[in-house]
Amino acid sequence: MALTNQEIADIFDNIADMMEINGENRFKYLSYRRAGETLTDLPRDLQAYVDDGTLTDIPGVGKAIGDKIKELLETGQLQFYEKLRAEVPETLLEIKRINGVGPKKAKLFWDELNITTLPDLEKAAQEGKLRNLSGMGAKSEQKILDGINALSRNRGRTPIGAAQNAADAILNELLELPQVEQGIVAGSLRRGRPTIGDLDLLVVSDEAAPIMEHFVSMSRVARILGQGPTKSSVELRTGLQVDLRVLPRERFGTALQYFTGSQAHNIRIREIALKQGYSLNEHALRPVDSDGNMKDESEYLYCATEEEVYEAIGLPWIPPEIREDQGEIEAAQQGKLPHLITTDHLIADLHMHTTASDGTLTIREMAEAARERGIQYIVITDHSQRNIIANGLSTERVLEQQKEVRQIDESYGDDFHILHGIEMDILEDGSMDYPDEVLAQLDFVVASLHFGLTQDRATVTQRLINAISNPHIDCIGHMTGRLIGSRPGADIDFDAVFSAAVEHGTILEINANPMRLDLDAQYARRAIELGIPLAINTDAHSANQMDLRSYGILTARRAWAEPENVVNTWPFARFLDWIRARG
DNA sequence: GCCGTTTTCGGCCCGACTGTTTTCAGTCG
């Protein structure tokens with residue numbers, strides 16, 4: 001069984017941590033960490049790059065790391081890594097994950113007290129053995145105990161929907177303070193990543209102290225991690241970490257650019273700034289002379305908007321969703337940034353449920369909810385018969401439902417359109433849940449995996465290809481079936497599935513539900529490059545869930561999607577032509 | 001270890017906060 005990209009990325013991340021603890025050259029271990037991050041976001045299996053001879057075209061992958069990837073793919077092991085593991089106990093990496101403990105402290109505990117595991121460290125802290133080490137004290141010791149406690153509370157990254165709700169609640173509370181002019185979300189939430197490590201909030205104000213005081217004493221705060229004049233960090237009772245920065249209006253542009261990241265994007269941006277004679281930080285662009293000396297403060301360039309920051313270094317504004325150093329900077333330099341899709345472009349929703357299966361509203365109620373949101377046409381797609389728990393429709397019921405859809409559709413005249421479809425299960429044995437003669441009578445068929453998600457890669461991939469090859473099936477819904485934070489998606493050969501989609505012209509869905517966001521951006525971007533049409537669908541089971549389409553838009557924007565790439569932007573007549581042409 | 005419209009060698013972003021220090025190292029993002 002070949003190692004996955006993520007498994008190899010994790011190995012490189014461990015290598016970086018171990019080298020850092022070993023005190024090795026900073027730029028060396030940063031290279032491994034950078035490579036790990038890049039591999040996580042790749043749209044294809046690493047083996048495919050090896051086969052193409054394009055492995056070292058991946059940014060951050062040179063000869064040394066490329067050879068290590070090949071060794072891992074061929075043998076499942078890496079000599080270099082095994083040697084490191086023999087030197088540095090792997091359990092030290094767990095200790096390094098404690099907030100406030102870095103490589104130096106981990107090494108200190110190991111060297112001085114022979115501590116290599118979390119329980120040993122906790123015991124030593126409780127017995128007061130850490131405070132006597134150099135650079136340590138009673139406070140640091142207590143911080144470590146708190147940090148170990150927090151480790152058991154925190155369960156990794158937070159899904160974007162929950163993070164957004166938490167951010168909204170905190171910002172609304174802060175906005176009630178008289179000193180707060182404006183509050184905005186930055187960080188990976190602003191970039192639309194499907195999961196968020198911690199919240200970065202930015203507030204505009206000339207008077208930071210009372211804001212910081214209120215922030216750290218909110219009732220939802222479990223622990224204060226730091227509190228300063230411009231930056232404070234807290235841990236919420238939910239385990240989520242929130243960082244707040246307060247800056248004056250005239251620095252808002254540099255601050256927002258800086259705190260939005262990504263780190264990789266910002267490093268590139270600051271390198272470009274340096275070449276243009278500026279040192280860029282969150283406060284200003286500061287002119288630097290050729291000897292590297294900072295000029296007088298009177299010559300600092302302050303930016304109230306992000307546009308001014310990018311303009312000052314000769315670039316157009318880059319949308320946050322694509323700030324990942326994955327080609328956006330080169331595109332900006334060449335004037336080739338994509339014109340990303342926005343929520344306003346969405347005039348259709350091609351996947352939703354009603355009371356006929358497991359939705360909460362009737363066909364007409366769903367239609368009204370869509371109309372209120374500016375949607376011009378929808379497809380009703382309840383579950384098919386296999387999905388018994390969701391009250392899936394038998395072939396008789398689905399044909400019966402069609403009559404009702406037609407009736408309601410006619411009542412709207414040309415104002416609004418309702419098509420009739422189904423979200424049909426792709427069965428475990430690779431067959432379809434309805435016979436072709438039933439599918440042929442439906443306007444639009446979304447085919448999805450709900451069962452057998454843990455089957456082996458070849459089997460799941462073949463099921464998807466079977467669906468894509470069926471001429472009555474128009475769209476693949478939430479392809480991997482993942483539920484963020486609770487269920488990994490099916491193991492799929494994306495290259496093979498994409499090839500089939502190209503051949504048959506099948507639409508691939510970006511499911512907008514924030515627990516799904518499936519296809520994820522890296523795959524959606526690959527699909528766009530291959531010319532595969534995408535759909536952004538809410539899969540709504542209620543009216544409120546239609547508002548979740550903004551998350552689908554974020555994901556599509558992360559995939560560099562322009563309106564033309566997404567069928568939900570097409571006028572109704574064009575969409576109708578398209579489904580008729582498919583027969 | 002990676003990378004190249006100033007480089008195949010010599011660079012590699014930048015600051016806030018904490019706790020321990022008597023001016024700074026460690027950690028974080």
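Letters A, B, ... are given to chains in the order of the sequence lines, protein chains preceding strands, and every chain is numbered from 1.
Backbone-only engagement by A:L280 is indicated by non-hydrogen atom pairs under 4.0 Å involving sugar-phosphate atoms exclusively. Contact annotation for A:N266: no contact, since no heavy-atom pair falls under 4.0 Å across all strands. Residue-level contact check: A:Q241 touches the backbone only, with heavy atoms under 4.0 Å from sugar-phosphate atoms and none from bases.
Looking at A:F494 and A:D45, their side chains never come closer than 4.5 Å, going by heavy atoms from C-beta outward. Side-chain contact between A:L171 and A:I184: absent, with no pair of heavy atoms (C-beta onward) separated by less than 4.5 Å. When side chains are defined from C-beta on, A:V203 does not count as touching A:F215, because their heavy atoms never get closer than 4.5 Å.
Taking atom C1' on both B:dT8 and B:dC3, the two are 9 Å apart, rounded to the nearest angstrom. For B:dC12 and B:dT6, the C1' atoms lie 16 Å apart once the distance is rounded to whole Å. On the C1' atoms, B:dT7 is 13 Å away from B:dC2, given to the nearest whole Å. If you take atom C1' in B:dG26 and the same atom in B:dT20, they sit 10 Å apart, rounded to whole Å. Taking the P atoms as reference points, B:dT27 lies 15 Å from B:dT21, given to the whole Å. For the P atoms, the distance from B:dT5 to B:dG1 is 23 Å, rounded to whole Å. B:dA16 and B:dG10 have their P atoms separated by 33 Å, given to the nearest Å.
Spacing between atom CD of A:Q257 and atom P of B:dG29 amounts to 19 Å, rounded to whole angstrom units. Rounded to whole angstrom, the span from the CD1 atom of A:I272 across to the C1' atom of B:dT5 amounts to 13 Å. In this structure, the CG atom of A:L201 is 14 Å from the P atom of B:dG29, given to the nearest Å. The NZ atom of A:K139 sits 13 Å away from the P atom of B:dT21 (whole-angstrom rounding). For the pair A:K275 NZ and B:dT6 C1', the computed distance is 9 Å after rounding to whole Å. Summarising the geometry, the separation between CG on A:L199 and C1' on B:dC28 is reported as 16 Å, rounded to the nearest angstrom. Computed from coordinates, the A:N25 CG to B:dC3 P distance equals 16 Å when rounded to whole Å. The CD1 atom of A:I98 sits 15 Å away from the C1' atom of B:dG26 (whole-angstrom rounding).
Checking B:dG19, B:dC28, B:dG1 against every side-chain atom of A:S31, the shortest atom distance belongs to B:dG1. Minimum atom distance to the side chain of A:E282 is reached by B:dG15, of the listed B:dG1, B:dG15, B:dC17. Of the candidates B:dT18, B:dG29, B:dA16, the closest approach to any side-chain atom of A:D243 belongs to B:dG29. Picking from B:dC14, B:dG1, B:dA16 the nucleotide with the shortest atom distance to the side chain of A:L274 gives B:dC14. The side chain of A:Q263 has B:dG29 as its nearest neighbour among B:dT6, B:dG29, B:dT18. In the set B:dG1, B:dG15, B:dT6, the nucleotide with an atom closest to the side chain of A:N281 is B:dG15.
More than 12 non-hydrogen atoms from other residues, nucleotides or ligands lie less than 6.0 angstrom from CD of A:Q142.
Near DNA chain B, meaning a heavy atom under 4.0 Å away, the residues from residues 106-137 of chain A are A:G135, A:M136, A:G137.
OP1 or OP2 of B:dT20 lies within a sub-4.0 Å distance of a side-chain N or O belonging to A:S140. For A:Y32 and B:dG1, the shortest distance from a side-chain N or O to OP1 or OP2 is below 4.0 Å. OP1 or OP2 of B:dG1 sits under 4.0 Å from a side-chain N or O of A:K28. Side-chain nitrogen and oxygen atoms of A:H283 include at least one within less than 4.0 Å of the OP1 or OP2 phosphate oxygen of B:dA16. Contact annotation: A:T230 reaches the phosphate of B:dC17 (side-chain N/O to OP1 or OP2, under 4.0 Å).
B:dT20 shows a glycosidic angle more than 90° from 0 and is accordingly assigned anti.
B:dT8 makes up no base pair with any nucleotide shown, lacking Watson-Crick or G-U wobble contacts both under 3.5 Å.
Without hydrogens or angle criteria, A:T254 side chain to A:E282 main chain gives a donor-acceptor distance under 3.5 Å. Although no hydrogens or angles enter the test, the distance criterion places no donor-acceptor pair under 3.5 Å between the side chain of A:T75 and the main chain of A:L72.
Both the sub-6.0 Å distance and the 45° axial angle are not jointly satisfied by A:R526 relative to the ring of A:F498. Under a cutoff of 6.0 Å and an axis angle of 45°, A:R33 and A:Y29 do not form a cation-pi pair.
For the residue pair A:H265/A:Q326, the side-chain donor-acceptor check at 3.5 Å is not satisfied.
Residue A:K63 is the one, among A:K63 and A:A138, whose nearest nucleotide of DNA chain B lies closer to the 5' end (criterion: closest heavy atom). DNA chain B is contacted by both A:K104 and A:Y278; A:Y278 maps to the nucleotide lying nearer its 5′ end (nearest heavy atom per residue).
The stacking criteria are not both satisfied for A:F27 over the base of B:dC2, which would need a centre-to-centre distance under 5.5 angstrom and an angle between ring planes under 30 degrees.
Ion pairing between A:E324 and A:R268 fails under the 4.0 Å rule for side-chain N and carboxylate O.
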